[in-house]
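Taking it in order: structure first as structure tokens, then the write-up.
Computed from a prediction, not measured in an experiment: that's the story for all the values here.
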Amino acid sequence: MSAPAQPPVVPEAVRALAEADFGLVAQRFREAGFTVMLPARGVMTVKADRSAARPAVLLSVGVHGDETGPIEMVAHVIEALSRQPEALAVDLMLCVGNIDAIAAGKRFIDADLNRMFKADRGALAGTAESARADEIIAATDAFFADAGPVRWHLDLHTAIRASHYPMFAIVPDLIAEERKSALIGWLGQAAIQAIIMNPKSAGTYSYYASEHHGAAGSTVELGRVGTLGQNNLAQFADASQALDALLRGVEAPPAKAAPHVFKVAQEVVKLSDAFTMGFSKETPNFASLKRGEVIATDGETVYTVFHDEEMVVFPNPDVRVGLRAGLMVVRVS
């Protein structure tokens, strides 16, 4: 009889971040002279007591509880930086999003937290994630309230499904051009292969920070969903190096290749429970569809491709009625 499988060994720094335990790193930054605050559960801010405005960087992980790779990556970056705290060159807010879902190993408890960063939440207003979003929004507003002009928000995720571009990002189109250019440059350094310019909010955290606080914000998808302690950290090597350089205020290695840039052609919204997609649930992100092909049907509504080629991103027929069930994008560069 074979022995039962042993649970993965999770490094202490990773366990602490997954549980939103900032104790040791907070102590190190505090002892180095930084002002460290814990304004909400799962949120830590680290600011220098200096008159000159420093870049303000908001870093979030675990907005979806089953997306554990970025938690591991960020835990190692912050752990190493906390051992050289004087190297921190930015004001930092670190946010662990859906702590309860992380603990349960689930994507969410009641509803998708990354659709709650908007005023109108409809039937979802009473969910656990709605209350959590309120806490995060209050902390975010306070963090950026006295920040200088250089503001970043990197919301790190992993995708549910396979992708023709395993590393890709969603960037709000409303970001000022200079900041957008800097963000796209950083995404290239982080080995992001594709960027989708998004003209419309779906209630995501990064869009909120960009729209309300002028942050160069992005939802960054780093590969596939994995189990905490079992992620292949080698796939995050470039992103980890770029993030470390950003926090230390030094130049990251140049991008190995410029990301492809896409724009949103159409948004596919689930209007009713009759919604069905014209392809398999296993269809990878950036799968190509040709003009006239059916994307989805929803009663009398039929979504079809109207460019010569469109690529599908985030196809998910199982979302709640009224939410986005997919994006169709076209390549522009």
Side-chain angles (χ1 to χ4, degrees), residues 5-21 41-43 59-78 94-117 124 127-133 135-136 153-163 165-170 192 202-206 218-236 239-240 243 270 280-286 313-320 323-327:
Q6 295 298 310
V9 176
V10 179
E12 179 58 25
V14 174
R15 180 210 59 77
L17 185 61
E19 296 177 2
D21 174 7
R41 183 179 176 222
V43 177
L59 189 59
S60 51
V61 296
V63 168
H64 293 134
D66 58 349
E67 298 178 0
T68 61
I71 296 173
E72 293 194 46
M73 181 189 82
V74 169
H76 291 298
V77 169
I78 297 299
L94 181 56
C95 175
V96 183
N98 202 332
I99 306 165
D100 293 336
I102 294 169
K106 298 166 57 178
R107 187 170 180 79
F108 51 75
I109 300 301
D110 294 328
D112 189 341
L113 176 58
N114 213 29
R115 295 294 178 269
M116 299 293 179
F117 294 90
L124 304 181
T127 61
E129 278 77 12
S130 179
R132 178 59 177 156
E135 294 176 347
I136 294 173
H153 179 199
L154 302 173
D155 185 28
L156 306 182
H157 290 253
T158 52
I160 299 173
R161 66 189 67 251
S163 176
Y165 301 104
M167 307 289 190
F168 66 98
I170 316 297
I192 299 305
T204 64
Y205 190 13
S206 64
S218 180
T219 302
V220 185
E221 304 283 350
L222 300 171
R224 297 286 300 275
V225 164
T227 301
L228 195 71
Q230 294 183 332
N231 290 284
N232 176 13
L233 295 183
Q235 68 181 319
F236 306 127
S240 177
L243 178 59
K270 183 175 181 176
S280 165
K281 289 174 63 173
E282 305 306 316
T283 298
N285 286 319
F286 295 96
V313 183
F314 301 134
N316 185 0
D318 298 326
V319 298
R320 293 173 183 251
L323 294 183
R324 185 181 74 194
L327 285 176

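Exactly one of I170, L156, V63 qualifies for a side-chain contact (heavy atoms from CB on, under 4.5 Å) with T219. That residue is I170.
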Subject >> side chain to side chain contact (heavy atoms under 4.5 Å, CB included) evaluation trace for I102 with H64 >> reply: CA-CA 8 Å; I102 294 169; H64 293 134; over 6 Å; no
**OP:** Walk me through it: do V43 and L94 pass the test side chain to side chain contact (heavy atoms under 4.5 Å, CB included)?
**Re:** CA-CA 6 Å; V43 177; L94 181 56; over 6 Å; no
Subject >> Stepwise side chain to side chain contact (heavy atoms under 4.5 Å, CB included) check, L124 with M116 >> reply: CA-CA 8 Å; L124 304 181; M116 299 293 179; 3.6 Å; yes
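Here F117 pairs with Y205 under the ring-ring contact (aromatic ring centres under 6.0 Å, His included) rule; sequence neighbours left out. Every ring-ring contact (aromatic ring centres under 6.0 Å, His included) that F286 has, sequence neighbours left out, goes to Y165, F168, F262. By the side-chain contact (heavy atoms from CB on, under 4.5 Å) test, R324 is found to be paired with R115, A202, E267, F314, L327, residues two or more places apart in sequence or in another chain being considered. For N114, the side-chain hydrogen bond (donor to acceptor under 3.5 Å, both in side chains) criterion is met by no residue, not counting sequence neighbours. Under the rule for a side-chain hydrogen bond (donor to acceptor under 3.5 Å, both in side chains), S218 has no partner lying at least two apart in sequence or in another chain. Residues that satisfy the salt bridge (Lys or Arg N to Asp or Glu O under 4.0 Å) test with R107, not counting sequence neighbours, are D66, E67. Annotation: side-chain hydrogen bond (donor to acceptor under 3.5 Å, both in side chains) contacts of R41 (sequence neighbours excluded): D100. For P166, the side-chain contact (heavy atoms from CB on, under 4.5 Å) test picks out Q193, with sequence neighbours left out. For S240, the side-chain contact (heavy atoms from CB on, under 4.5 Å) partners at least two apart in sequence or on another chain are M73, V77. Legend: residues meeting side-chain hydrogen bond (donor to acceptor under 3.5 Å, both in side chains) with T68, ordered by chain and number and at least two apart, are N231. With sequence neighbours left out, the side-chain contact (heavy atoms from CB on, under 4.5 Å) criterion links R15 to V10, E12, E19, D21.
Annotation for P70 and T158: closest pair CD-CG2, 3.5 Å, computed over non-hydrogen atoms. Residue D110 comes nearest to E129 through the heavy atom pair N-OE1, 2.9 Å, listed as atom of the first residue, atom of the second, then distance. Looking at every heavy atom in both residues, A169 comes nearest to I192 through N-CG2, 3.8 Å. In terms of heavy atoms, I71 sits closest to L17 at O-CD2, 3.5 Å. Between N285 and A159, the closest heavy-atom pair is ND2-CB, 4.0 Å. Among all heavy-atom pairs drawn from V319 and L323, the shortest one is CG2-O, 3.9 Å.
A distance-only check finds no donor-acceptor pair linking the side chain of R224 to the backbone of S163 [under 3.5 Å]. Counting only distance, with no hydrogens or angles, the side chain of K270 and the backbone of R320 share no donor-acceptor pair below 3.5 Å. When atom types are taken as modelled, the side chain of R161 and the backbone of T283 share a donor-acceptor pair closer than 3.5 angstrom. Judged by distance alone, the side chain of S130 and the main-chain N or O of T127 form no donor-acceptor pair under 3.5 Å.
Put simply, the side chain of H76 reaches to within 4.5 Å of the side chain of V14, judged on heavy atoms. Using a 4.5 Å cut-off on side-chain heavy atoms (C-beta onward), S60 and H153 make contact.
Side-chain contact, H157 with D155: a donor N or O sits under 3.5 Å from an acceptor N or O.
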